K.L.:
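Here it is: the structure, laid out below.
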Number of protein chains: 2
Amino acid sequence: MSILESTPQEREVTCCGLATTPVTEADAVRLAPALKALGDPVRLRMASMIAAQPELCVCEIAPAFDLSSGTISHHLKLLREAGLVGSERRGTYVYYWIEHAALEVLGTLLSVDQGAAQG
Amino acid sequence: MSILESTPQEREVTCCGLATTPVTEADAVRLAPALKALGDPVRLRMASMIAAQPELCVCEIAPAFDLSSGTISHHLKLLREAGLVGSERRGTYVYYWIEHAALEVLGTLLSVDQGAAQG
DNA sequence: CTGTTGGTTCGATGACTGTCGAAGCAGCCT
DNA sequence: AGGCTGCTTCGACAGTCATCGAACCAACAG
């Protein structure tokens, strides 16, 4: 059950945003982990760095943070488990890329709904 | 320093999404707490219920969850502190409403950027 | 003033999280 | 094979979090 597997109910929600139809418990359980993963300043920046490039190796990500390599790996793992990024080892380096589809699900969920919202 | 106070840098970010320009550390620190607040299934549903109505009293929110009133209050407080909802007591009841502007900041942050994203 | 109902705050507790440093693994060199 | 570099995993630890039940405060109805 990943963030990308949508039920009909969830499709409606992610079609028109959180304000249109109350998110069901099942959808909340599936969507919340991705928001939680982005709810840490380190991971939000990591996701943003990765999203701004086609892909990025850990050796390019790590220097931006004053953290041990173990901690860097830990955060990247959480982003991966949340379905927000993918990774692949190619030779010496491990590359990370953003899963745009997952990001889009969240963007739609939080997008301002033209019908229900009123500034 | 709330989610709604934007620096020039942050305006650029929240204009075109997380993938356009890497989020700065300061912006990440300011934006992450709101995502964190929504990163819990209970609070995501609460925010969604509140967002789907002009306003909602606690007595209408609480029955949707199998939680003690103390825990309900705790979650609503976190949403309030994250700047995502506002609240006001009117007579017997306390009413909560969504802060659409804060939601919009997040929606824009996570929205798919036409320029940088590619599926 | 007293009881009742709606919410918040408090204290305690078990679970989870962010962090480090050390150990481990993978792929290179030579 | 032996060593080096890049990254992940492991074990430990302090800090945070979700939850409950109890105590508390606010408004109202008798």
Side-chain angles (χ1 to χ4, degrees), chain A residues 23 25 28-50 53 55-98, chain B residues 23 25 28-50 53 55-98:
Chain A
V23 174
E25 181 169 3
V29 166
R30 194 165 68 262
L31 296 168
L35 292 168
K36 184 177 185 178
L38 292 177
D40 177 277
V42 169
R43 289 193 295 270
L44 182 56
R45 281 178 62 207
M46 282 181 172
S48 173
M49 287 177 64
I50 295 171
Q53 302 288 333
E55 61 183 17
L56 221 47
C57 93
V58 178
C59 62
E60 293 170 295
I61 299 170
F65 303 88
D66 191 20
L67 294 171
S68 73
S69 62
T71 301
I72 298 284
S73 243
H74 166 69
H75 284 301
L76 288 171
K77 182 182 184 181
L78 291 188
L79 287 174
R80 221 186 314 123
E81 288 176 348
L84 290 167
V85 303
S87 71
E88 185 190 6
R89 165 164 229 131
R90 285 204 293 279
T92 304
Y93 303 106
V94 176
Y95 294 87
Y96 280 76
W97 58 86
I98 203 77
Chain B
V23 175
E25 181 168 4
V29 167
R30 195 165 67 261
L31 295 169
L35 292 168
K36 184 177 184 178
L38 292 177
D40 177 278
V42 169
R43 289 193 294 270
L44 182 56
R45 281 177 63 207
M46 282 180 172
S48 172
M49 288 177 64
I50 295 170
Q53 302 288 333
E55 62 183 16
L56 220 48
C57 91
V58 179
C59 62
E60 294 170 294
I61 299 169
F65 303 89
D66 192 18
L67 294 171
S68 73
S69 62
T71 302
I72 298 284
S73 241
H74 167 69
H75 284 302
L76 288 171
K77 181 182 183 181
L78 291 189
L79 287 174
R80 220 185 316 124
E81 288 176 347
L84 290 167
V85 303
S87 71
E88 185 190 6
R89 166 164 229 131
R90 285 203 293 280
T92 305
Y93 304 107
V94 176
Y95 293 87
Y96 279 77
W97 59 86
I98 203 77

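Model, not experiment: these values are computed from the prediction. Note on naming: letters A, B, ... go to the chains in the order of the sequence lines (proteins, then strands), and numbering restarts at 1 for each one.
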K.L.:
Could you name each residue pair satisfying salt bridge (charged side-chain N to carboxylate O under 4.0 Å, His left out) that touches residues 33-48 of chain A, not counting sequence neighbours?
P.N.:
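Listed by first then second residue: Arg45(A)-Glu25(B).
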K.L.:
Which one, dT8(C), dT19(C), dG18(C), comes nearest to the side chain of Asp40(A)?
P.N.:
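It is dG18(C).
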K.L.:
Counting only side-chain N and O atoms of His75(A), is one of them less than 4.0 Å from OP1 or OP2 of dT17(C)?
P.N.:
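Looking at the OP1 and OP2 atoms of dT17(C), neither is under 4.0 Å from any side-chain N or O of His75(A).
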K.L.:
Please report the closest heavy-atom contact between Ala28(B) and Val23(B), naming both atoms and the distance.
P.N.:
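Nearest heavy atoms, Ala28(B) then Val23(B): N-CG1, 3.5 Å.
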K.L.:
Answer with base, sugar-phosphate or nothing: what part of the nucleic acid does Tyr96(A) contact at a heavy-atom distance below 4.0 Å?
P.N.:
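The residue Tyr96(A) makes sugar-phosphate contact but no base contact.
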K.L.:
Do you know which two heavy atoms are closest between Ala82(A) and Pro33(A), and how far apart they sit?
P.N.:
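Where Ala82(A) meets Pro33(A) most closely, the heavy atoms are CB-O, 4.2 Å.
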K.L.:
Please identify the 5'-most and 3'-most nucleotides of DNA chain D with any atom under 4.0 angstrom from a heavy atom of chain B.
P.N.:
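It runs dC17(D) to dC28(D).
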K.L.:
Please report the distance, rounded to the nearest Å, between CD in Glu88(B) and P in dT8(C).
P.N.:
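Value for this atom pair: 13 Å.
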K.L.:
Taking atom OG of Ser48(B) and atom CD of Gln53(B), what is their separation to the nearest 0.5 Å?
P.N.:
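Reported value, rounded in 0.5 Å steps: 10.0 Å.
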K.L.:
Arg30(A) side chain to Ala32(A) main-chain N or O, any donor-acceptor pair under 3.5 Å?
P.N.:
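No: the side chain of Arg30(A) does not pair with the backbone of Ala32(A).
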K.L.:
Among residues 58-65 of chain A, which ones have heavy-atom contacts with DNA chain D below 4.0 Å?
P.N.:
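Residues of residues 58-65 of chain A under 4.0 Å from DNA chain D: Val58(A), Cys59(A).
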K.L.:
Side chains of Tyr93(A) and Glu60(A), heavy atoms from C-beta outward: is any pair under 4.5 Å?
P.N.:
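A side-chain contact is absent here, since even the closest heavy-atom pair is not under 4.5 Å.
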K.L.:
For Ser87(A), what residues pass the side-chain contact (heavy atoms from CB on, under 4.5 Å) criterion, not counting sequence neighbours?
P.N.:
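Partners of Ser87(A) under the side-chain contact (heavy atoms from CB on, under 4.5 Å) test: Arg80(A), Val94(A), Tyr96(A).
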K.L.:
Can you build the contact string for nucleotides 9-14 of chain C? Use B for base contact, S for sugar-phosphate-only contact, and - for no protein heavy atom under 4.0 Å.
P.N.:
B-----
K.L.:
What one-letter contact string describes nucleotides 24-30 of chain C from 5' to 3', where B marks a base within less than 4.0 Å of any protein heavy atom, S marks contact via sugar-phosphate atoms alone, and - marks no contact?
P.N.:
--SSS--
K.L.:
Base, sugar-phosphate, or nothing for Leu78(B), non-hydrogen atoms under 4.0 angstrom?
P.N.:
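Sugar-phosphate contact only.
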K.L.:
Grab the CD-P distance between Glu81(A) and dC16(C) for me, whole Å please.
P.N.:
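After rounding, the reported distance stands at 14 Å.
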K.L.:
Report yes if some heavy atom in the side chain of Leu76(B) is under 4.5 Å from a heavy atom in the side chain of Ile50(B); otherwise report no.
P.N.:
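Sidechains of Ile50(B) and Leu76(B): in contact.
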K.L.:
To the nearest 0.5 Å, tell me how far Leu67(A) CG sits from His75(A) NE2.
P.N.:
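Between Leu67(A) CG and His75(A) NE2, I get 6.0 Å after rounding to 0.5 Å.
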K.L.:
Which heavy atom in Ile61(A) sits nearest to a heavy atom in Met46(A), and how many Å separate them?
P.N.:
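So the minimum-distance heavy-atom pair works out to CG2-CG, 4.1 Å.
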K.L.:
Check whether any side-chain heavy atom of Leu79(A) lies under 4.5 Å from a side-chain heavy atom of Leu38(A), and answer yes or no.
P.N.:
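They are in contact (side-chain heavy atoms under 4.5 Å apart), so the answer is yes.
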K.L.:
May I have the distance from Ile72(B) (atom CD1) to dG6(C) (atom C1'), rounded to whole angstrom?
P.N.:
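It is 13 Å, rounded to the nearest whole Å.
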